[in-house]
2 protein chains.
Amino acid sequence: METTDLRRAGLKVTHPRMRILSILEAGDGKHFSAEDIYRKLLESEEDIGLATIYRVLTQFEAAGLVLKHNFEGGQAVYELDRGKHHDHMVDIETGKVIEFTSEEIERLQHEIADRHGYVLEEHSLVLYVRAKKKR
Amino acid sequence: METTDLRRAGLKVTHPRMRILSILEAGDGKHFSAEDIYRKLLESEEDIGLATIYRVLTQFEAAGLVLKHNFEGGQAVYELDRGKHHDHMVDIETGKVIEFTSEEIERLQHEIADRHGYVLEEHSLVLYVRAKKKR
DNA sequence: TTAGATGCAAATATTTTGCAGCAAT
DNA sequence: ATTGCTGCAAAATATTTGCATCTAA
């Protein structure tokens with residue numbers, strides 16, 4: 001439950017934080033920009049400032065509750081971290097985001113970092129794709 | 001020579017474009033933000049507006065002369081496109097950027113896109129790494 | 001009660017654009 | 001001579017911050 005997540009993160013259980021978290025949960029893996037969330041809250045009559053949303057998302061990221069991505073196109077987007085690591089594929093025509101995982105690529109990444117004398121801490125892999133022509 | 005590159009791209013051979021191109025060439029694969037270039041030009045007494053630098057870099061990107069990257073941390077960076085595709089590794093402690101290539105990862109990316117019914121158009125892969133502890 | 005959170009407005013940071021004058025062809 | 005380029009200032013976009021006020025614990 002949300003309350004527990006917040007407490008575990010050492011954050012006070014406030015109205016804005018609950019609402020933002022529940023939007024992310026309802027999105028079920030979808031990606032939201034700060035503005036997306038702001039607009040959703042406006043729709044449901046809630047008056048939460050955009051600044052608060054940025055602050056809360058930053059805290060959530062630090063607490064490991066959400067992941068932040070910088071795809072092309074200005075705004076950063078956030079998704080709930082549901083534990084299973086994955087990478088993203090973005091359909092350049094529709095903007096649709098598809099998640100995928102590849103053990104193989106993960107392994108190769110570690111190997112490459114290692115070969116250069118480094119330890120892999122994080123990575124960002126985004127495939128920009130176009131739907132195959134039907135025929 | 002620079003003049004040829006510019007003409008081939010259908011761009012007039014102007015002083016700002018020549019200077020920006022030569023800075024990128026002198027950098028030999030290094031990555032520059034628009035500001036980096038702006039400051040370098042100021043150092044050599046050249047009065048080229050920041051807006052012009054952004055415009056020129058955008059044109060260069062469209063012409064395929066440079067590649068643009070959005071690593072973490074605000075500013076986009078540009079590097080001369082020397083033809084050989086590569087990905088990047090960023091040392092999170094020093095900010096150093098190391099280039100690498102992996103046939104294997106390239107192949108897997110195509111395979112994954114294909115398996116999902118897409119054609120891979122582009123991709124962005126950045127490894128964030130930390131130097132191995134000496135011992 | 002009090003440390004921490006929020007809203008608002010103002011500040012930053014990065015990049016883009018309008019426009020009048022300037023330069024390359 | 002024309003068409004395209006540049007500088008400058010202003011605008012646009014995305015995000016952060018100061019501060020007075022409010023609220024969860």
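Side-chain atoms are counted along with the backbone in the values below, which use heavy atoms only and exclude waters and symmetry mates. Chain letters run A, B, ... following the sequence lines, proteins first, then strands; residues in each count from 1.
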In the 5' to 3' direction, the nucleotides of DNA chain D bounding the stretch that comes under 4.0 Å of a heavy atom in chain A are D/dA14 to D/dA25
Between C1' of C/dA5 and CG of A/L21, the distance in whole Å: 16 Å
Closest nucleotide of DNA chain C for B/T52 versus for B/Q75: which of these residues is on the 5' side? B/Q75
According to the interplanar angle, ranging from 0 to 90°, do the rings of B/H31 and B/F71 count as parallel (below 30°), tilted (30 to 60°) or perpendicular (above 60°)? tilted
Taking CZ from B/R17 and C1' from C/dA24, how many angstroms apart are they, rounded to a whole number? 10 Å
Salt-bridge present (B/R107, B/E103; N to O < 4.0 Å): no
Output the rounded distance in Å from CG (A/L50) to C1' (C/dA9). 13 Å
d(CG, A/L41; P, C/dT6) in whole Å: 12 Å
Are OP1 or OP2 of C/dA24 and a side-chain N or O of B/T14 less than 4.0 angstrom apart? no
Rounded to the Å, how far apart are B/R55 CZ and C/dC22 C1'? 13 Å
Spacing of B/R19 atom CZ relative to C/dA23 atom P, expressed in whole Å: 18 Å
Is it true that the side chains of A/H123 and A/D87 contain a donor and an acceptor less than 3.5 Å apart? yes
Look at the side chain of A/K12 against the base of C/dA3 and say whether a donor-acceptor pair falls under 3.5 Å; ignore hydrogens and angles. yes
Here the distance between atom P of C/dA23 and atom CD1 of B/I48, to the nearest Å, is 13 Å
When you check the side-chain N and O atoms of B/R19 and B/S22, is any donor under 3.5 Å from an acceptor? yes
Pairwise side-chain contact, A/I37 with A/L57, heavy-atom cut-off 4.5 Å (strictly under): yes
Do B/T58 and B/R55 meet the criterion of a side-chain donor-acceptor pair at a distance under 3.5 Å? no
Between CD1 of B/I53 and P of C/dT14 the distance, given in whole Å, is 14 Å
Below 4.0 angstrom from OP1 or OP2 of C/dT15, is there any side-chain N or O of B/Y54? yes
Salt-bridge present (A/R39, A/E43; N to O < 4.0 Å): no
Tell me what B/A76 touches on the nucleic acid: a base, only sugar-phosphate, or nothing, going by heavy atoms under 4.0 Å. sugar-phosphate
